[in-house]
Amino acid sequence: MAATPFTAPPMDAKATELPKVDEVVDYNNLPCPLPYEEIHRESLMSLKPEVFEGMRFDFNKALGPKFFLSHSVTMGPTEVPSQSPEPIKIPTANYEFGANYIDPKLMLIGRVSHDGRLNARLKADLTDNLIVKGNASLTSEPHMSHAMGTFDYKGTDYRAQLQVGSGTLLGANYIQSVTPHISLGGEIFWAGQHRKSGVGYAARYSNDKTVATGQVASTGMVALSYVQKVSEKLSFATEFSYNHMSKDVTATVGYDAVLRQARVRGKIDSNGCVTGFLEERLNVGLTFILSAELDHKKKDYKFGFGFTAGE
Amino acid sequence: MASKGKGRKARDEDEESKTFKCVKEWTNWSLKKAKVITHYGLIPLIIYIGMNSEPKPTVSQLLSPF
């Protein structure tokens, strides 16, 4: 079957390379696509570092190749949702103990904080193709706990997923590879508590150097992203998101550089928000983290520093 | 005869809604119990699974900070 020169879907930001004329595309042997929620994975890695404010110290103690405990201390202001446009911050200190068991077939992560809040994640391979995932956030306060379970089925060149969540949340999505580089998918969800339902579509084009994704949803959300890998160590990413209901438009440009001992990520936003994130490996098993987020529009400046000890 | 038929249908619907309410209450009760069990038992379960995986760590390794 000769390859037909394909035209890129209109959501791509740049022109794509045409395959060479003598390359044969075997449509019966397409690769398995990434899961639907990971379509934006490269742009999320570059553009959404885990910025934090205050001090953070994590200690991971390995008790075996699959089992480790983690202790995490954070101190700093946390934001409280408020009616006024200025954010209200309350200084808090938090200690969290976690137990993690990671096996190729079963992954269990549990974190309990000093005020009794439990965050748990589970991923189990029931068969070669069926994966069960669950995550839950449980507290002693009534009606403040959430849980969500998903069932993933992985086919030869497609993936299907069913999600069930607390608050009667139901969702299903499906993604299929149509060529070796392009995959298309759709999703449908229903949130019983908020009486909302919606349909969404996504497309992803990836090759060795670029990844372009686009997503639209009936909630009025349009999100496009483009990541270009300039070299093994440096990649640039840009994202554009538009919400038709609230007429919110945001454009973001960022970079991700992996240096010998450090990893630097930075981004700038059309809302006047500049973010920088640095992770530096000081020594074997000791990593230093610096995070800064300057929101000039809201006049909210957040700086954080921390250490991670252990792997 | 017609009134007897209507009575039977109403009784059937009553029984159906009663069983439905029973099932709903039972699932609510079991979900509440499952939430409490998970809240208290998940971390001990993970520690138990981890302590029984190869190579078996000792309790002193579990409790010491090194």
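All chains are named by letter (A, B, ...) in the order of the sequence lines, taking the proteins before the strands, and each is independently numbered beginning at 1.
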Can you find a heavy atom in the side chain of B:I46 that is under 4.5 Å from one in the side chain of A:I109?
no

Is the shortest heavy-atom distance from the side chain of B:S53 to the side chain of A:P65 under 4.5 Å?
no

Around A:E50, counting heavy atoms of other residues, nucleotides and ligands shown, do more than 12 lie under 6.0 Å from its CD?
no

Kindly check if the number of other-residue, nucleotide or ligand heavy atoms within 6.0 Å of NZ (A:K154) is above 12?
no

At a heavy-atom separation under 4.5 Å, does [X] approach chain A through its side chain, its backbone, both, or neither?
X: B:L42; answer: side chain
X: B:L31; answer: neither
X: B:T38; answer: both

If I measure from the heavy atoms of chain B, does [X] come under 4.5 Å with its side chain, its backbone, both, or neither?
X: A:T139; result: backbone
X: A:N100; result: backbone
X: A:L122; result: neither

Short side-chain to backbone donor-acceptor contact, A:K61 and B:Q61, under 3.5 Å
yes

Is there a donor-acceptor pair under 3.5 Å between the side chain of B:H39 and the backbone N or O of A:G116?
yes

For residues 67-75 of chain A, which side-chain N or O atoms pair as donor and acceptor with protein atoms under 3.5 Å away, sequence neighbours left out?
residue, atom, partner, partner atom, Å
A:S70, OG, A:R111, NH1, 2.9
A:H71, ND1, A:Y95, OH, 2.7
A:S72, OG, A:D58, OD1, 2.9

